[in-house]
Amino acid sequence: MEEPLASSSAILDARDVHKRFGHNEVLRGVSLQVQRGEVVCIIGPSGSGKTTFLRCLNHLERIDSGRIEVDGKMIGYRDCPNGTLAELPAKEVARQRAEIGFVFQRFNLWPHMTALENIIEAPVHVRGERERDAVAVAERLLARVGLQDKRDAYPSKLSGGQQQRVAIARALAMRPKLMLFDEATSALDPETVGEVLAVMAELAADGMTMICVTHEMGFAREAANRVVMMDQGVILEEGPPQHFFTNPTHERTRQFLSKIL
């Protein structure tokens, strides 16, 4: 049996993660550790495994081998006495996911619920919070993302940027230990990208632990503590942005950055 991953300050430990879809090995041994309060931006070309890796971190995708721990607890599985892993029951996985916020490319708001109702749904029905307490938190979060006046608006009446900010508030309402952002601005009009990036930058400045798959190099340069380059299912290199963007060590990273910067 593998020993549990050890790091007192690490909120995420992923070790040798593999994931296949049929004969296509999308993740080929990805290992990443993220410290509490750290902002990590993952970049790389389309199809490099970035989104799949993010989805594995909260067990939206089952891994084929490896190990993922968040705050010292293995995600999606438990150790068995014979050294193998057994998948956790769906209810336990849902409880784990409640502590990992996930903001998707597409906003995934419930269309029949107002902004406020979208935010309080999980705290009330998953965490069992009193509705009035959840409403108070939701109103504070709407103010934090600049949408206090959209409390009773339905998603169809909100712009893409506004919907994404509601989605961020909805994730924050669960008081997550870790926030995952999967290309949070890729589905937005250019005019609304900035308002979402501003909220993400504020969260980073406030010390939220974040892993962001992004193509926004300006955000990665300014907000990240560390930038990770993925290609063909592996991490090629990583480092602080001031070094990563000026002096990358891997030729593939240099090629990629030369095309987008």
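In this structure, the side chain of Glu61 does not engage the main chain of Thr52 through any donor-acceptor pair within 3.5 Å. A side-chain donor-acceptor contact under 3.5 Å links Asn118 to the backbone of Thr114. Checking side-chain atoms of Gln96 against main-chain N and O of Gly76 turns up a donor-acceptor pair under 3.5 Å. Between the side chain of His125 and the main chain of Glu121, a donor-acceptor pair closer than 3.5 Å is present. A donor-acceptor pair under 3.5 Å is formed between the side chain of Arg254 and the backbone N or O of Pro248. Judged by distance alone, with hydrogens and angles left aside, the side-chain atoms of Arg165 form no donor-acceptor pair with the main-chain N or O of Glu195 at under 3.5 Å. Panel note: side chain Arg97, backbone Asn58; a donor-acceptor pair is recorded below 3.5 Å. Between the side chain of Arg15 and the backbone N or O of Ile68 there is no donor-acceptor pair closer than 3.5 Å.
A donor-acceptor pair shorter than 3.5 Å cannot be found between the side chains of Gln164 and Gln162. Side-chain contact check for Glu117 and His112: no donor-acceptor pair (N or O, by modelled atom type) lies under 3.5 Å. Using a 3.5 Å distance cut-off with no hydrogens or angles, the side chains of Glu25 and His18 do pair a donor with an acceptor. Between Asn225 and Glu38, the side chains place no donor N or O within less than 3.5 Å of an acceptor N or O (distance only, hydrogens not considered). For the 3.5 Å distance criterion, the side chains of Asp182 and Thr51 qualify, holding a donor opposite an acceptor.
Phe244 is connected to Met217 through a chain of hydrophobic side-chain contacts under 4.5 Å among Ile, Leu, Val, Met, Phe, Trp and Tyr, so both are in one cluster. Hydrophobic clustering keeps Val213 apart from Leu203 (ILVMFWY residues linked when any side-chain heavy atoms are closer than 4.5 Å, directly or through intermediates). A continuous path of ILVMFWY side-chain contacts below 4.5 Å connects Val145 to Met208, so both sit in one hydrophobic cluster. In the hydrophobic clustering of this structure, Tyr154 does not group with Leu158; members are Ile, Leu, Val, Met, Phe, Trp, Tyr whose side-chain heavy atoms approach within less than 4.5 Å, directly or through other members.
In this structure, the separation between CZ on Phe104 and CZ on Phe181 is 12.0 Å, given to the nearest 0.5 Å. Residue Ile168 holds its CD1 atom at 10.0 Å from CZ of Arg144, rounded to the nearest 0.5 Å. Taking CE from Met113 and CZ from Arg170, the interatomic distance works out to 9.5 Å, rounded to the nearest 0.5 Å.
Comment: Arg67 engages Asp79 in a salt bridge, judged by a side-chain N to carboxylate O separation of less than 4.0 angstrom. A salt bridge does not link Arg127 to Asp133: none of the charged nitrogens lies less than 4.0 Å from a carboxylate oxygen.
Looking at Leu32 and Glu238, their side chains come closer than 4.5 Å, going by heavy atoms from C-beta outward. Using a 4.5 Å heavy-atom threshold, the side chains of Leu236 and Phe256 count as separate. Contact of the Met200 side chain with the Val196 side chain is registered, since non-hydrogen atoms from C-beta on lie closer than 4.5 Å. Within the 4.5 Å cutoff, no side-chain heavy atoms of Glu183 are placed close to those of Leu188. The shortest side-chain heavy-atom distance between Glu237 and Asp231 does not fall under the 4.5 Å cut-off. Counting heavy atoms from C-beta on, the side chains of Gln232 and Ser48 never come closer than 4.5 Å. By the 4.5 Å heavy-atom criterion applied to side chains, Val103 and Leu180 are not counted as neighbours. In this structure, Ile120 and Glu131 have side chains that are in contact, with non-hydrogen atoms separated by less than 4.5 Å.
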For residues 172-179, run the donor-acceptor check on the side chains, cut-off 3.5 Å, and write out each pair with its distance to 0.1 Å, sequence neighbours left out.
from	atom 1	to	atom 2	distance (Å)
Arg175	NH1	Glu129	OE2	2.8
Arg175	NH2	Glu129	OE2	3.3
Lys177	NZ	Asp71	OD2	2.7
Lys177	NZ	Glu99	OE1	3.3

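The cationic group of Lys19 lies under 6.0 Å from the six-membered ring centre of Phe21 and within 45° of the ring axis, placing it in a cation-pi geometry.
When all heavy atoms of Cys80 and Ala86 are compared, the closest pair comes out as SG-CB, 3.5 Å. Taking both residues in full, the closest heavy atoms of Gly66 and Leu85 are given as O-CD1, 4.0 Å, listed atom of the first, atom of the second, then distance. The two residues Leu142 and Ala115 make their nearest non-hydrogen contact at CD2-CB, 4.4 Å. Across Ala169 and Leu141, no two heavy atoms sit closer than the pair O-CD1, 3.4 Å.
When the shell of 6.0 Å around CD of Glu191 is examined, it contains 12 or fewer heavy atoms from other residues, nucleotides or ligands. By the 6.0 Å contact criterion, CZ on Arg62 is open, its count of non-hydrogen atoms from other residues, nucleotides or ligands being 12 or less. More than 12 heavy atoms of other shown residues, nucleotides or ligands fall within 6.0 angstrom of atom CD in Glu87. More than 12 heavy-atom neighbours from other residues, nucleotides or ligands sit within 6.0 angstrom of CZ on Arg95.
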Exercise for the section: Could you please spell out the steps behind the salt bridge (charged side-chain N to carboxylate O under 4.0 Å, His left out) verdict for Asp152 and Lys157? Expected result: CA-CA 10 Å; Asp152 299 316; Lys157 301 300 182 182; over 6 Å; no
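Not counting sequence neighbours, Thr246 has no partner by the side-chain contact (heavy atoms from CB on, under 4.5 Å) test.
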